[in-house]
There are 2 protein chains.
Amino acid sequence: MSDSSEIERDTDELVSRSQRAALRLANADDVTRNDALRSIAGALRDRETAILEANERDVEEAEAMLERGEYSRALVDRLKLDAAKLDDIAEMVESVAEQEDPLGRTLAARELDEGLDLFRVSVPIGVVATVFESRPDALVQIAALALKSGNAVILKGGSEASESNRALYDVIRDATADLPDGWAGLVEAHEEVDRLLELDDQVDLVMPRGSSEFVSYIQDATQIPVLGHTEGICHVYVDEAADLEMAADVAFDAKVQYPAVCNAVETLLVNESVAPDLLPDLVERYEDASVELRGDAATREIVDVGAATEDDWDTEYGDLELSIALVDDVYEAVEHVNAHGSKHTESIVTEDHAAAEAFMTGIDAASVFHNASTRFADGYRYGLGAEVGISTGKVHARGPVGLEGLTTYKYYLEGDGHLVASYSGEDALPFTHRELDDEWTVGGR
Amino acid sequence: MSDSSEIERDTDELVSRSQRAALRLANADDVTRNDALRSIAGALRDRETAILEANERDVEEAEAMLERGEYSRALVDRLKLDAAKLDDIAEMVESVAEQEDPLGRTLAARELDEGLDLFRVSVPIGVVATVFESRPDALVQIAALALKSGNAVILKGGSEASESNRALYDVIRDATADLPDGWAGLVEAHEEVDRLLELDDQVDLVMPRGSSEFVSYIQDATQIPVLGHTEGICHVYVDEAADLEMAADVAFDAKVQYPAVCNAVETLLVNESVAPDLLPDLVERYEDASVELRGDAATREIVDVGAATEDDWDTEYGDLELSIALVDDVYEAVEHVNAHGSKHTESIVTEDHAAAEAFMTGIDAASVFHNASTRFADGYRYGLGAEVGISTGKVHARGPVGLEGLTTYKYYLEGDGHLVASYSGEDALPFTHRELDDEWTVGGR
């Protein structure tokens with residue numbers, strides 16, 4: 001048997017085991033799932049030494065690669081765990097246990113006819129897989145979120161963190177020996193991921209974590225639904241009717257408060273009628289904060305900044321860089337955003353409600369803000385609890401996604417021997433279709 | 001320029017036009033969309049002669065193919081329109097106009113802090129494409145559902161109905177000349193569909209209509225999310241504690257009331273302790289209704305039916321055929337269903353609530369019923385209004401899907417110059433995260 005068919009067979013077996021575990025885990029109650037989460041948190045603390053030793057081996061290898069110029073300092077830093085970071089990870093797991101149970105919620109209830117009641121109830125999705133780059137804490141976080149939401153999980157980390165991932169996985173598996181065998185699986189070879197991504201009949205959701213390029217690569221490689229985000233090309237538009245002091249503060253916060261993240265602004269759009277009043281001071285403030293600026297021709301007639309090219313409008317800098325363009329009105333702003341934005345987060349600053357409405361309803365993006373910084377687009381700030389991810393997809397889950405993104409629903413129908421024949425033909429009974437307030441219980445209300 | 005690159009260019013242009021139209025249609029209000037629907041219904045009646053003439057040309061061609069043995073009588077019948085059918089189609093369009101507006105609903109509202117309010121509001125998905133086999137009424141139905149939900153739509157029907165599809169499309173386009181140009185597009189060549197299915201960055205959802213094989217083909221050919229259903233291998237399980245008269249009625253209704261549809265039962269599972277009491281009469285009743293029966297060895301010790309093979313458990317007969325297997329208990333029933341079912345609709349007949357709960361929570365299917373026929377799994381019976389389709393996918397929309405399945409959501413944040421910097425660092429303000437009852441309006445509450 002060739003290596004590749006052996007890997008296929010092993011991966012298929014792992015996925016089948018996950019499927020079986022998922023069916024059983026779906027019925028573990030909230031207490032069982034929370035106890036298991038607390039047991040993981042405890043084990044992370046108890047086995048700190050072993051985890052940090054494994055991590056040290058990864059870091060040594062990465063340092064060697066850094067010396068050979070094959071690796072960046074930032075990557076080494078992201079890889080490195082210490083006692084404090086590990087404690088943060090354990091605390092994160094405990095906080096997931098504290099969250100409200102996302103399962104078993106009756107989302108809708110409707111009487112179809114007397115004694116025939118339909119309930120829509122939240123249930124786990126099934127088998128979720130995650131593929132992530134470096135950062136070993138991602139493994140623990142996704143395992144915790146999957147467990148809380150009753151899903152079996154398949155974990156694949158970057159090869160540079162393989163020792164850390166293996167150690168963390170062992171801790172998780174040992175701490176949850178009472179849960180259905182195979183609820184969490186670890187995959188280590190690249191070929192196993194390739195096989196996994198082919199199993200669209202068995203794996204229900206993939207959550208990639210990493211760079212935009214990495215997420216795009218996964219999206220292109222599979223027909224499994226992907227929950228992830230690629231680019232964040234976000235805009236702030238300062239309208240004719242803006243409070244200019246507010247506008248400057250929002251535009252500054254959106255770029256400078258944390259420029260590396262996807263919800264930071266990349267292009268500032270300014271209504272030409274207010275540009276002469278807004279830009280000179282704002283540009284000075286940006287320059288004091290070391291922001292590199294590039295403007296279109298109209299902008300450069302007002303302030304002395306570099307020239308923006310067409311490419312600038314489509315670039316996620318992810319850094320202290322910003323492009324500026326002037327627009328005639330809110331409609332031109334909407335057009336620019338729909339042409340160049342990444343449907344992530346967009347903000348208008350204005351006191352004019354009609355302009356705000358034109359902007360907010362005219363733009364196709366997950367989040368559209370009025371008089372607020374784009375940086376608010378985040379699961380924690382939105383009050384969604386533990387953040388599963390930010391999705392740039394338009395179906396299933398959009399924008400910041402909480403635990404709800406790891407659930408789907410199931411219809412339960414409670415009858416008393418009801419037959420469709422009674423509702424068909426000449427003497428067909430009518431349906432009542434009356435909304436109910438009840439929760440699902442076996443046997444109905 | 002080669003033909004294939006010309007087709008690519010044309011398809012790309014059509015899809016770009018759909019995208020632009022989608023952005024504008026998203027903001028058409030309910031009155032505008034409903035007026036357009038009524039205008040389509042009127043035009044279908046006014047232009048009856050032209051539509052039926054076009055349809056007649058398709059039917060003549062199909063009859064010729066039927067004579068050459070290249071086509072079945074059932075397909076010709078499905079293709080044929082007449083005045084009454086056309087009136088039904090117009091009525092269907094009017095009924096879609098009568099439905100509640102699925103757009104602009106505030107699905108959730110939360111205060112993040114004083115004066116900073118987050119709203120989750122339902123919006124159209126964007127560009128939906130449909131690919132369907134024969135049945136020209138599918139074209140009108142999907143165009144109507146897309147319009148009601150503010151989506152641009154791309155329509156591709158079967159080549160056997162090309163004249164009918166073109167005539168119906170012309171009527172729809174002419175009747176909606178006031179809507180954004182390109183909101184509905186028609187695609188006629190197979191190569192255009194191949195190209196369309198590649199445009200996963202621009203087309204947001206595909207809805208195939210046709211046989212299981214056809215839907216599977218589309219699913220395998222694209223990375224665009226697919227809303228559709230493939231197989232319906234549904235089961236009825238008669239438990240030890242069943243009311244046997246009720247069980248016989250449910251099992252009979254689930255098979256015989258309409259055997260060709262996906263929610264009809266294919267395998268009857270019977271607890272071995274009640275099989276001797278249930279099966280003899282039930283088998284007689286099935287045989288009187290011309291149902292062809294196949295049983296496992298244990299079944300055949302009780303009743304005289306054909307022998308089922310392993311393949312029977314995985315077969316959607318879609319006809320008056322049924323397989324029967326005996327099981328030890330509810331757990332063995334759950335195991336059989338999870339191994340062989342298609343996650344569509346499953347039913348248990350029992351008076352024992354513990355057995356019902358084990359079955360309903362243990363099975364991974366879109367719909368799980370207690371003491372009711374599997375035939376109830378249907379958007380109309382569920383009270384979802386116009387049925388967009390039945391989904392066997394697990395994310396976005398599951399089971400029978402109403403207009404809601406053609407919507408997604410958008411987050412609107414209303415602030416007063418709020419900055420993330422105020423909520424970070426040492427003097428970080430806390431978030432209030434208080435649920436609100438308000439609907440979104442520009443400028444907040």
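So that the names make sense, note that chain A is the first sequence line, chain B the second, and so on, each numbered from 1. These values consider heavy atoms only, across backbone and side chains, with no hydrogens, waters or symmetry-generated copies. This structure is a prediction, so every number in the text was calculated from the model and none was measured.
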Under the rule for side chain to side chain donor-acceptor pair (under 3.5 Å), what residues qualify as partners of B:Arg110, not counting sequence neighbours? B:Glu435

Mind checking the [atom1]-[atom2] spacing from [X] to [Y]? Nearest 0.5 Å is all I need.
X        : Y        : atom1 : atom2 : answer
B:Arg120 : A:Tyr382 : CZ    : OH    : 11.0 Å
A:His396 : B:Thr408 : NE2   : OG1   : 10.5 Å
A:Met246 : B:His418 : CE    : NE2   : 9.0 Å
B:Glu335 : A:Leu23  : CD    : CG    : 10.0 Å
B:His370 : A:Leu116 : NE2   : CG    : 12.0 Å
B:Leu413 : A:Ser347 : CG    : OG    : 8.0 Å

Taking all non-hydrogen atoms of both residues into account, name the closest pair between B:Val123 and A:Arg398 and its distance. CG2-NH1, 3.9 Å

Closest approach of B:Lys410 and A:Thr361, non-hydrogen atoms and distance? NZ-O, 3.6 Å

Any residue of residues 371-381 of chain A which, by heavy atoms, sits under 4.5 Å from chain B: A:Asn371, A:Ala372, A:Ser373, A:Arg375, A:Phe376, A:Tyr380, A:Arg381

In terms of heavy-atom proximity below 4.5 Å to chain B, should A:Leu118 be classed as side chain, backbone, both, or neither? side chain

Under 4.5 Å heavy-atom distance to chain B, tell me which part of A:Asp364 shows up: side chain, backbone, both or neither. both

Could you point out which residue of B:Ile224, B:Ile125, B:Leu406 forms a side chain to side chain contact (heavy atoms under 4.5 Å, CB included) with A:Val395? B:Ile125

Which bit of B:Val226 comes within less than 4.5 Å of chain A, counting heavy atoms only: side chain, backbone, both or neither? neither

B:Leu384 versus chain A, the contacting section by heavy-atom distance below 4.5 Å: both

Between A:Ala366, A:Gly399, A:Ala356, which residue shows the highest count of heavy-atom pairs closer than 4.5 Å to chain B? A:Ala366

